[in-house]
A.B. asks: 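Below you'll find the structure I mean.
What you see is a predicted model, and the numbers here were worked out from it, not measured in a lab. In what follows, chains are A, B, ... by sequence order, proteins preceding strands, each numbered from 1.
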There are 2 protein chains.
Amino acid sequence: MTSLVRSVSESTVRRLSLYLRTLERLQAEGAETVASGDLADRAGTTAAQVRKDLSSFGSFGTRGLGYRVGPLHARIREILGLTRPWRVVLVGAGRIGSALFAYPHFRERGFRIEAILDSDPAKIGGVWEGVTIQSAAHLEQVLARAEAEILILAVPAGAAQELAERAAAAGVRGILNFAPVRLRLPDEVEVNNVNLAVELEALSHALVLAEVQG
Amino acid sequence: MTSLVRSVSESTVRRLSLYLRTLERLQAEGAETVASGDLADRAGTTAAQVRKDLSSFGSFGTRGLGYRVGPLHARIREILGLTRPWRVVLVGAGRIGSALFAYPHFRERGFRIEAILDSDPAKIGGVWEGVTIQSAAHLEQVLARAEAEILILAVPAGAAQELAERAAAAGVRGILNFAPVRLRLPDEVEVNNVNLAVELEALSHALVLAEVQG
DNA sequence: GCTGGCTTGTGAAAATCTTCACAAGCCAAG
DNA sequence: CTTGGCTTGTGAAGATTTTCACAAGCCAGC
Ligand SMILES: NC(=O)c1ccc[n+]([C@@H]2O[C@H](COP(=O)([O-])OP(=O)(O)OC[C@H]3O[C@@H](n4cnc5c(N)ncnc54)[C@H](O)[C@@H]3O)[C@@H](O)[C@H]2O)c1
Ligand SMILES: NC(=O)c1ccc[n+]([C@@H]2O[C@H](COP(=O)([O-])OP(=O)(O)OC[C@H]3O[C@@H](n4cnc5c(N)ncnc54)[C@H](O)[C@@H]3O)[C@@H](O)[C@H]2O)c1
């Protein structure tokens with residue numbers, strides 16, 4: 001392979017994101033190196049899993065010592081595509097939308113929310129930290145002006161499909177979708193769904209199961 | 001097995017939650033029955049997967065016809081533990097916490113937020129839809145009074161572990177954790193983590209990968 | 001420069017999850 | 001009552017993911 005980024009499995013990618021955050025903590029603590037077992041404990045997995053994950057993109061730990069925190073952090077940032085900023089547009093200036101917008105961590109990681117859209121006349125024209133909420137009717141123009149690559153969809157389920165289609169047609173490459181619907185879009189658009197109902201229901205299932213069994 | 005609830009795999013559980021919502025839509029559309037292929041299309045999986053998932057708890061579709069929407073819906077609610085209400089306490093009356101509290105869907109599904117806690121004196125004493133925000137110092141008493149089974153943790157990462165430990169000691173059985181830290185708790189406490197940074201970073205990885213490859 | 005103690009990298013095995021493929025079975029129509 | 005068209009339920013196959021186990025290798029200390 002010639003590229004810095006190799007294909008790794010979906011579950012590995014999600015763990016890499018956890019390792020990244022763990023490495024940031026280690027850096028803050030002043031650690032120079034970290035062993036797979038330590039990283040695993042902190043991230044909630046196993047040493048073997050950590051090593052497999054890291055070896056999947058040709059890693060460079062040192063036997064007897066572990067991984068050097070700084071270089072490993074840099075390498076994972078590369079793999080995850082975090083070495084450059086992403087231009088993001090947020091659609092839906094509601095409760096979830098405002099929480100995401102105000103969350104500083106995303107901006108720090110390079111996800112820049114360039115524009116906010118909503119359909120509610122009461123919200124349009126409002127200003128959040130210097131960003132004016134615009135009408136969703138202008139979705140295409142806003143996406144084009146911002147050269148947006150990622151769309152965050154935080155609108156009611158009924159509005160999601162249409163907005164997603166328009167965004168896809170306007171050239172958006174990835175969508176983080178909070179609406180509890182399956183979006184039907186061309187294959188070249190990456191969609192990642194966040195469904196909080198699923199999370200709560202998985203928890204409730206686990207509790208019921210625990211009642212019945214051991 | 002004697003119980004109504006059987007052990008099914010984690011991924012099956014998550015899909016069941018998606019099927020549940022799809023079935024609710026079908027019910028609203030007046031559909032009496034649904035075939036595995038149709039359910040699969042709407043939920044974003046395959047017909048074989050749907051049938052495997054449903055057969056894993058001894059299902060009762062009708063060959064040539066499909067599944068009856070009503071009974072299947074009821075059965076999945078049972079499996080997911082949604083046939084009875086859950087007593088929930090929310091800790092962290094911030095942006096994510098307020099979005100979750102205001103989301104009507106959770107209440108409709110039986111997740112009842114009985115109390116809200118925060119540590120910020122400016123927030124304590126505030127009232128949200130009739131629920132008064134109380135001091136997190138009283139966590140144990142509030143949990144006991146509410147007989148809380150589930151805790152939603154929407155506090156900064158630094159505060160999460162301590163609050164989780166106290167809640168676990170006070171008898172909470174499940175935690176939905178939004179703080180980006182791994183909670184270390186006794187095994188009998190179920191923890192489900194929601195990490196939005198992971199979701200965004202998985203998306204960014206996919207986009208970088210798409211640039212490099214086909 | 002050699003030794004001892006750790007830790008990585010990785011094939012192989014095990015476990016888990018998904019897809020395939022088709023017999024079994026039901027319904028409706030004639 | 002029989003036939004035809006569909007669809008389920010499910011073993012088996014295939015794919016993927018996780019765990020195991022150990023040789024290879026590095027560092028620090030002597
Ligand atoms: N709040 C939660 O905790 C929560 C939990 C799970 C899922 N969700 C999902 O997230 C999404 C947003 O939820 P929320 O709680 O923020 O809702 P919300 O009602 O607070 O916000 C939705 C926003 O979208 C705007 N909107 C509606 N139609 C639009 C359109 N066509 N174009 C542009 N903007 C439009 C509304 O004006 C509003 O500002 C929903 O799909 C919801 O189901 C929310
Ligand atoms: N907002 C987002 O989009 C977002 C995204 C990803 C993750 N998160 C995570 O969710 C959590 C909450 O985020 P947020 O944006 O709602 O933050 P926030 O600052 O808006 O809210 C946090 C709330 O917790 C309260 N709090 C702090 N310490 C407490 C304690 N010891 N006991 C009780 N309450 C306490 C604060 O007073 C505040 O009201 C954080 O861990 C954050 O990392 C948030």
A.B. asks: Given C/dG9, C/dT7, D/dT8, which nucleotide is nearest the side-chain atoms of B/A35?
C.D. replies: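 Output: D/dT8.
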A.B. asks: If only side-chain N and O atoms of A/Q49 are considered, is one of them under 4.0 Å from the OP1 or OP2 phosphate oxygen of D/dT17?
C.D. replies: no
A.B. asks: Reckon B/S36 touches a base, only the sugar-phosphate, or nothing at all at heavy-atom distances under 4.0 Å?
C.D. replies: sugar-phosphate
A.B. asks: Under 3.5 Å, is there a donor-acceptor pair linking the side chains of A/R51 and A/S36?
C.D. replies: yes
A.B. asks: Are B/E29 and B/R25 within salt-bridge range, i.e. N to O under 4.0 Å?
C.D. replies: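 Here B/E29 does not pair with B/R25 in a salt bridge, since their nearest N and O are not under 4.0 Å apart.
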A.B. asks: Would you kindly give the CD-to-C1' distance between A/E10 and D/dA15, to the nearest whole Å?
C.D. replies: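 Roughly 16 Å, once rounded to whole Å.
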A.B. asks: Would you tell me if any nitrogen or oxygen in the side chain of B/Y67 comes within less than 4.0 Å of OP1 or OP2 on C/dC26?
C.D. replies: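 Checking B/Y67 against C/dC26: no side-chain N or O falls below 4.0 Å of OP1 or OP2.
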A.B. asks: OP1 or OP2 of C/dT18 versus the side-chain N and O atoms of B/R15: is any pair under 4.0 Å?
C.D. replies: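 So the side chain of B/R15 is within the cut-off, an N or O lying under 4.0 Å from OP1 or OP2 of C/dT18.
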A.B. asks: Is it the case that the side chains of A/R21 and A/H105 hold a donor-acceptor pair, with the cut-off being a distance below 3.5 Å and no angle test?
C.D. replies: yes
A.B. asks: Do the side chain of B/R63 and the base of D/dT8 come within less than 3.5 angstrom through a donor-acceptor pair of N or O atoms?
C.D. replies: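 Present.
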A.B. asks: Could you tell me how the ring of B/Y103 sits relative to the ring of B/F106: parallel (under 30°), tilted (30 to 60°) or perpendicular (over 60°)?
C.D. replies: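 Ring orientation of B/Y103 relative to B/F106: perpendicular.
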A.B. asks: Can you measure A/K52 atom NZ to C/dA15 atom P for me and round it to whole angstrom units?
C.D. replies: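 Computing the A/K52:NZ to C/dA15:P distance gives 16 Å.
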A.B. asks: In whole angstroms, how far is the P atom of D/dT18 from the CG atom of A/D53?
C.D. replies: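 After rounding, the gap between these two atoms is 7 Å.
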A.B. asks: Under 4.0 Å, heavy atoms only, any strand: does A/S9 hit a base, just the sugar-phosphate, or nothing?
C.D. replies: sugar-phosphate
A.B. asks: Is there a side-chain contact between B/T62 and the phosphate of D/dT8, meaning an N or O under 4.0 Å from OP1 or OP2?
C.D. replies: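 Looking at the OP1 and OP2 atoms of D/dT8, neither is under 4.0 Å from any side-chain N or O of B/T62.
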A.B. asks: A/D38 CG to C/dT7 P: how many Å, rounded?
C.D. replies: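 A/D38 atom CG is separated from C/dT7 atom P by 10 Å.
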A.B. asks: Where the side chain of A/R51 is defined as all heavy atoms beyond and including C-beta, which of C/dT10, C/dC20, D/dT18 is the nearest nucleotide?
C.D. replies: C/dT10
